[in-house]
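Here's the structure we're looking at; comments come further down.
Start at 1 with the first residue, then count along the sequence.
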Amino acid sequence: MAFWLSLIFCLFTFASSTPPDDPVKCESGNTICTVTNSYGSFPDRSICQAAKVEYPRTEEELVSVVAAATRAGQKMRVVTRYSHSLPKLVCTDGKDGVLISTKFLNNVVRTNREAKTLTVESGVTLRQLIEEAAKLDLALPYAPYWWGLTVGGLMGTGAHGSSLWGKGSAVHDYVTEIRLVSPGLASDGYVKVRVLSEANDPEEFRAAKVSLGVLGVISQVTFELQPMFKRSLTYVMIDDSDFGDQAVTFGEKHEFADFIWLPSQGKVVYRIDDRVPVNTSGSGLFNFYPFRSQLSLALATDRSLEEIDESLQDANIKCMRAELVSSFMFSISYGLTNNGIIFTGYPVIGMQNRMMSSGSCLDSRNDGLITACPWDPRIKGQFFHQTTFSVPLTRVKSFINDIKALVKIKPKSLCVLEGSNGILIRYVTSSTAFLGKEEKALDFDLTYYRNKKDPLVPRLYEDYIEEIEQMAMFKYNALPHWGKNRNLAFDGAIRKYKNANTFLKVKERFDSLGLFSTQWTDQILGLKGNVTIVKQGCALEGLCICSEDSHCAPNKGYLCRPGKIYRESRVCTRVSA
């Protein structure tokens, strides 16, 4: 009952919240710094350090920063305003590197209504981009659902929405020009500014579209937009008996289709979402509920209950709470309203700029953390793992059936995902970016409990999640999301990209000294060593795939065993005495 009341209480929280903190913290001015992500922890829980952070406000200042660091031979990495990537993409090596924040590179450079283009600096958030386009009666056709991402972050990690239509759902495939600041030779003044386009520099442009930050700092990006349009959205929840077949074809029928799968409940929420003419009646708004500001007290209550559930290892309670979450979310239409205030019925019809993305917990006055984004690390709130990967559309049915087979063995096992509103599934398609998607696929986004205090404490039914993770990556050759995964998802992943070698050649041309590269980026790009970390308990946090019992939690009865469906997997399984 307390859990349900906390959800209801959250529904009526304030529109404002304490703004997210700067991910960079320094001891003295802008020197002797540490950096993290918006969740307060990297997959390996390490602390990343740097000698200083720079906050350029213009491209001229950015050029000066890169030149000075290149002259000094210092490592550099870019950090965005909110730093949403889970992996260590913002970290420099050691303590002597330079962090370059794009926090103040957040201006519109130029607009062209006739050409339908908009040029912005890389620190502009997705929200700003959407709003600026709307002022021109233009729209970005596809984008992620969270609008706190920046343009540079979107480009760096290949972020996307959901669609098989047009050029697909990846934001970088609607970019026509990129200005990039990279290290240069002494004869260049130690810095080089490149203006890249498909027409003039196809190879470099395709490398820069998804760059992981290893080519330099993106200064400006030009987007190709579309005339403003409206969308008509309806959510329908049905059983998942034919989900494997539907998943393959549904995206061809509806332009913005996606799914929320609740496998332990045997249900799927279908998003029937299509473009309609701009003169269609409706002023709908999508203010996604989990992205709203919420009372810190309610979040702490929710988290405490989640911790109790895990400590009791009680699947019945876990499933009961998961069903409350999913039924509550469906009952409020996930935050949809027909007029920006109340929900009166489907379909909800609204302008693209009001229906595509949200994140109102960023609309903030500083209220002393009375309210906050649910994952703000300064409060006792959400703390989770995310595993996100794209399974080729031709193999999706088989993958879904494998997950169903796991659920059949232990029907309550995947309630651990449903407490975070189930598996979000989005459509992606092939991209011209060298590190973009290789083919039509479905992107599966799994969010699940992580222990905040002790990485050596196993999770309820963690073997089921580990098996799904390994099955996707190795049996189905899934591609990892560059910004949302644990270490093991990147093991050997670069070999799945047919243009990886061409990307690395561009990287060598742009930054031959590797000043924008780190041990982490070298590992995920297959250049030096392995991204997995083998040590006691490493499999519990996805730092390795277990090969012996010590990689799990043998003192708590979790031993390394083969998977139940995918026997080649090795997972931490609770073994009865």
Nearest heavy-atom pair of [X] and [Y]: which atoms, and what distance?
X: D443; Y: S390; result: OD1-OG, 2.8 Å
X: T518; Y: C91; result: CG2-O, 3.0 Å
X: S293; Y: C361; result: N-CB, 3.3 Å
X: T92; Y: A50; result: OG1-CB, 4.0 Å
X: M473; Y: A489; result: CE-CB, 3.4 Å
X: P374; Y: R292; result: CD-O, 3.7 Å

Determine yes or no for a side-chain-to-main-chain donor-acceptor pair under 3.5 angstrom, with [X] supplying the side chain and [Y] the backbone.
X: Y174; Y: G168; value: yes
X: S333; Y: G335; value: no
X: H254; Y: F256; value: no
X: W482; Y: L435; value: yes
X: D376; Y: G381; value: no
X: S197; Y: N200; value: yes
X: D367; Y: T371; value: yes
X: R486; Y: Q386; value: no
X: T280; Y: V276; value: no
X: K230; Y: G282; value: yes

For this session: Apply salt bridge (charged side-chain N to carboxylate O under 4.0 Å, His left out) to the pair D445 and K484, showing each step before the final yes or no.
Result: CA-CA 9 Å; D445 201 326; K484 293 193 290 185; 2.6 Å; yes

For this session: Fit a plane to each ring of F286 and F288, take the angle between them on a 0 to 90° scale, and name the class: parallel (under 30°), tilted (30 to 60°) or perpendicular (over 60°).
Result: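 It falls in the perpendicular class, over 60°.
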
Problem set entry | S431 and its side chain to side chain donor-acceptor pair (under 3.5 Å) partner, picked from H172, E439, R206, H160 | H172

Are there over 12 heavy-atom neighbours, none belonging to [X], within less than 6.0 Å of that residue's [atom1]?
X: K397; atom1: NZ; value: no
X: K505; atom1: NZ; value: no
X: N501; atom1: CG; value: no
X: E224; atom1: CD; value: no

Exercise. After noting the C-alpha distance and the side-chain angles of K440 and E252, does the key distance pass the salt bridge (charged side-chain N to carboxylate O under 4.0 Å, His left out) rule?
Worked result: CA-CA 11 Å; K440 290 181 179 180; E252 301 288 356; 3.3 Å; yes

Scan the side chains in residues 207-219 for donor-acceptor partners under 3.5 Å anywhere in the protein, sequence neighbours excluded, and list what turns up.
| unit_1 | atom_1 | unit_2 | atom_2 | d |
| --- | --- | --- | --- | --- |
| K209 | NZ | D173 | OD1 | 2.8 |
| K209 | NZ | T432 | OG1 | 2.6 |
| S211 | OG | G213 | N | 3.2 |
| S219 | OG | E59 | OE2 | 2.6 |

For this session: Return the set of residues passing side chain to side chain contact (heavy atoms under 4.5 Å, CB included) with E177 (not counting sequence neighbours), or none when no residue passes.
Result: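 E177 satisfies side chain to side chain contact (heavy atoms under 4.5 Å, CB included) with R110, V195, T222 once adjacent residues are dropped.
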
Problem set entry | Which residues share a side chain to side chain contact (heavy atoms under 4.5 Å, CB included) with P87, sequence neighbours left out |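 For P87, the residues satisfying side chain to side chain contact (heavy atoms under 4.5 Å, CB included) (neighbours in sequence not counted) are S85, F490, W520.
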
Check: [X] ring centre within less than 6.0 Å of [Y] ring centre:
X: F343; Y: Y346; result: yes
X: Y334; Y: Y289; result: no
X: F444; Y: F399; result: yes

Distance-only criterion, 3.5 Å: show the donor-acceptor pairs between side-chain atoms of residues 125-136 and protein atoms not counting sequence neighbours.
| unit_1 | atom_1 | unit_2 | atom_2 | d |
| --- | --- | --- | --- | --- |
| T125 | OG1 | Q128 | N | 3.2 |
| T125 | OG1 | Q128 | OE1 | 3.3 |
| R127 | NE | E131 | OE2 | 3.1 |
| R127 | NH1 | D363 | OD1 | 2.2 |
| R127 | NH2 | D363 | OD1 | 3.2 |
| Q128 | OE1 | T125 | N | 2.9 |
| Q128 | NE2 | N106 | O | 3.3 |
| E132 | OE2 | K135 | NZ | 3.1 |

Do [X] and [Y] meet the criterion of a side-chain donor-acceptor pair at a distance under 3.5 Å?
X: K437; Y: S430; result: no
X: T117; Y: N112; result: no
X: T387; Y: N485; result: no
X: S283; Y: N339; result: no
X: S360; Y: N287; result: yes
X: Y82; Y: D22; result: no

Under 3.5 Å, sequence neighbours excluded: what are the donor-acceptor pairs made by side chains of residues 138-157?
| unit_1 | atom_1 | unit_2 | atom_2 | d |
| --- | --- | --- | --- | --- |
| Y142 | OH | E255 | OE2 | 2.5 |
| Y145 | OH | D258 | OD2 | 2.8 |
| W146 | NE1 | H84 | NE2 | 2.9 |
| W147 | NE1 | G359 | O | 3.0 |
| T150 | OG1 | G153 | N | 3.1 |
| T157 | OG1 | G153 | O | 2.9 |

Ion pair present between [X] and [Y], side-chain N to carboxylate O less than 4.0 angstrom?
X: K498; Y: E438; value: yes
X: K253; Y: D274; value: no
X: R509; Y: E204; value: yes

Problem set entry | ring pair (Phe, Tyr, Trp, His ring centres under 6.0 Å) partner of Y270, chosen from F330, W261, Y235, F250 |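 Answer after filtering F330, W261, Y235, F250: F250.
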
For this session: Can you run down the ring pair (Phe, Tyr, Trp, His ring centres under 6.0 Å) pairs that involve residues 421-442, sequence neighbours left out, and say none if there aren't any?
Result: F259-Y427

Seminar exercise, completed: The side chain to side chain contact (heavy atoms under 4.5 Å, CB included) partner of S517 among L513, T521, L515 is T521

Exercise. On the ring face of F516, is R77 found with NZ or CZ under 6.0 Å from the centre and within 45° of the axis?
Worked result: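 No.
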
